Amino acid sequence: MGRQRRKDTDVPQARLAGGGIAEIRPAEFGGGHEVIVDGTPQSHVDLADPTYLAFEYVARMGAVIDQLPDGPVTAVHLGAGGLTLPRYIAHTRPGSRQQVVELEQPLVDLVREHLPLPRDARIRMRFSDAREGLGRMPPALSGSVDLLVSDVYSGAQTPAHLTTVEFYRSAAALLAPGGILLVNVADGAGLAFARRQAATVRAVLPHLAILAEVQVLKGRRFGNLVFAASGRPLPTDWLPRLMAAGPHPAKVAEGREVDAFIGGAIPATDADATASPKPSMRLFEG
């Protein structure tokens, strides 16, 4: 994650329907640009190298994607950001078919104008709430999606209606046999939200692995955890490959470790779900 930055008029900006301000700024370290919404870094994009995944949780998602069978994939992304993972897939798996669901068209327009997609990328945009967008997918996609990524934030929080058993059932209905759901979960000390999310995802897709930086997984600091879930067992050779892929220090929890992580957490439903916790803005300060 980058630093909080002063809003001004010398960088590309767009006012979102929700009232926030999105902007694109050169990354402070290395190449590329960051997409920032109301001071919170949302995405990093390097047009010169789409395989460079600067944010650690995105790199972990990329490591999981790399474990999928070779060749093009059918992918659905909930949340656009800077379209970092769709670019990664288009580059590493040419010919892939991808659908992106995003509520904020001004954000996508800003990104596409200043960080344009490759001309040969087969990426279709759909503008709606993520959950509504799942219900509007073409019938032909049902049961045929190899990868579904849920990375939706309103400001710095995932909305409650995108954290429930009912939501994940809609997502799972799109997955092909053996298809993978990737979820970005942000949480802090105690990991109460993340533990409940793990219980919720596993209630729908029983095979779950959790990838995170070691201190985050232990609940010692706020950060991102990546859930990789499927209706079928994850390949046994994934664990050492994901550990080796980094970024480091990395941890991949599965099996009994996931059982212990969930503990007594109860799955969230539409009747009792809450949004993810809001991080302190000190996380984005230098």
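The structure presented is a predicted model; accordingly, all values stated were derived computationally and were not measured.
- The distance from the OG atom of S230 to the CG atom of L205 is 6.5 Å, given to the nearest 0.5 Å.
- Counting only distance, with no hydrogens or angles, the side chain of E102 and the backbone of A80 share a donor-acceptor pair below 3.5 Å.
- Both V45 and V37 are part of a single hydrophobic cluster, where members link through side-chain heavy atoms under 4.5 Å apart.
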Please list, one pair per line, the donor and acceptor atoms closer than 3.5 Å that link side chains of residues 14-21 to other protein atoms, with sequence neighbours excluded.
unit_1, atom_1, unit_2, atom_2, d
R15, NH1, G19, O, 3.1

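- For the atom pair CD of E254 and CG of L234, the computed distance is 7.5 Å after rounding to the nearest 0.5 Å.
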Item to check | Stepwise side chain to side chain contact (heavy atoms under 4.5 Å, CB included) check, S276 with Y153 | outcome: CA-CA 9 Å; S276 65; Y153 282 79; 4.3 Å; yes

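- Taken to the nearest 0.5 Å, the CE atom of M125 stands 8.5 Å off from the CD1 atom of I123.
- Once rounded to the nearest 0.5 Å, the distance linking CG of L181 with NE2 of H207 reads 14.0 Å.
- Residues passing the side chain to side chain donor-acceptor pair (under 3.5 Å) test with E104: none are found, sequence neighbours excluded.
- Looking at D49 and T51, their side chains do bring a donor and an acceptor atom within 3.5 Å of each other.
- Remark: the backbone N or O of S43 is not paired with any side-chain donor or acceptor of T84 at under 3.5 angstrom.
- Summarising the local packing, CG of D237 is surrounded by more than 12 heavy atoms from other residues, nucleotides or ligands at distances under 6.0 Å.
- Evaluated for a salt bridge (Lys or Arg N to Asp or Glu O under 4.0 Å) with K251, the options E56, E257, E213 yield exactly one hit, E257.
- Taking all atoms of both residues into account, the shortest heavy-atom contact from L110 to A22 is CD2-O, 3.7 Å.
- The structure places CD of E34 at 11.5 Å from OG1 of T40, a figure rounded to the nearest 0.5 Å.
- Ring geometry for F55 versus H44: interplanar angle of 30 to 60°, hence tilted.
- When hydrophobic clusters are built by joining Ile, Leu, Val, Met, Phe, Trp and Tyr residues whose side-chain heavy atoms come closer than 4.5 Å, directly or via intermediates, I210 is grouped together with V201.
- Judged purely by atom type and a 3.5 angstrom limit, R60 uses its side chain to pair as donor or acceptor with the backbone of P247.
- Atoms OG1 and CG, from T158 and L78 in turn, are 11.0 Å apart once rounded to the nearest 0.5 Å.
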Report, one line per pair, each donor and acceptor closer than 3.5 Å where one atom sits in a side chain of residues 126-142; sequence neighbours left out.
unit_1, atom_1, unit_2, atom_2, d
R126, NE, Q99, OE1, 2.5
R126, NH2, Q99, OE1, 3.4
S128, OG, G133, N, 3.3
D129, OD1, H161, NE2, 2.7
D129, OD2, R131, N, 2.9
D129, OD2, E132, N, 3.2
D129, OD2, H161, NE2, 3.3
R131, NH1, H161, O, 3.0
R131, NH1, D270, OD1, 2.9
R131, NH2, D270, OD1, 3.4
R131, NH2, D270, OD2, 2.7

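- Screening T163, D187, D272 against R196 for a side chain to side chain donor-acceptor pair (under 3.5 Å) leaves a single residue, D272.
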With a 3.5 Å cut-off and sequence neighbours excluded, list the donor-acceptor pairs that the side chains of residues 85-93 form with protein atoms.
unit_1, atom_1, unit_2, atom_2, d
R87, NE, G82, O, 3.0
R87, NE, L83, O, 3.4
R87, NH1, L115, O, 3.1
R87, NH1, P116, O, 3.1
R87, NH2, G82, O, 3.1
R87, NH2, L115, O, 2.6
Y88, OH, D66, OD1, 2.7
Y88, OH, D66, OD2, 2.9
T92, OG1, Y88, O, 2.8
R93, NH1, P69, O, 2.6
R93, NH1, G71, O, 2.9
R93, NH2, I65, O, 2.9
R93, NH2, L68, O, 3.0

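- Here D109 pairs with nothing under the salt bridge (charged side-chain N to carboxylate O under 4.0 Å, His left out) rule; sequence neighbours left out.
- For the side chain to side chain donor-acceptor pair (under 3.5 Å) test, residues two or more places apart in sequence or in another chain that qualify with R202 are D259.
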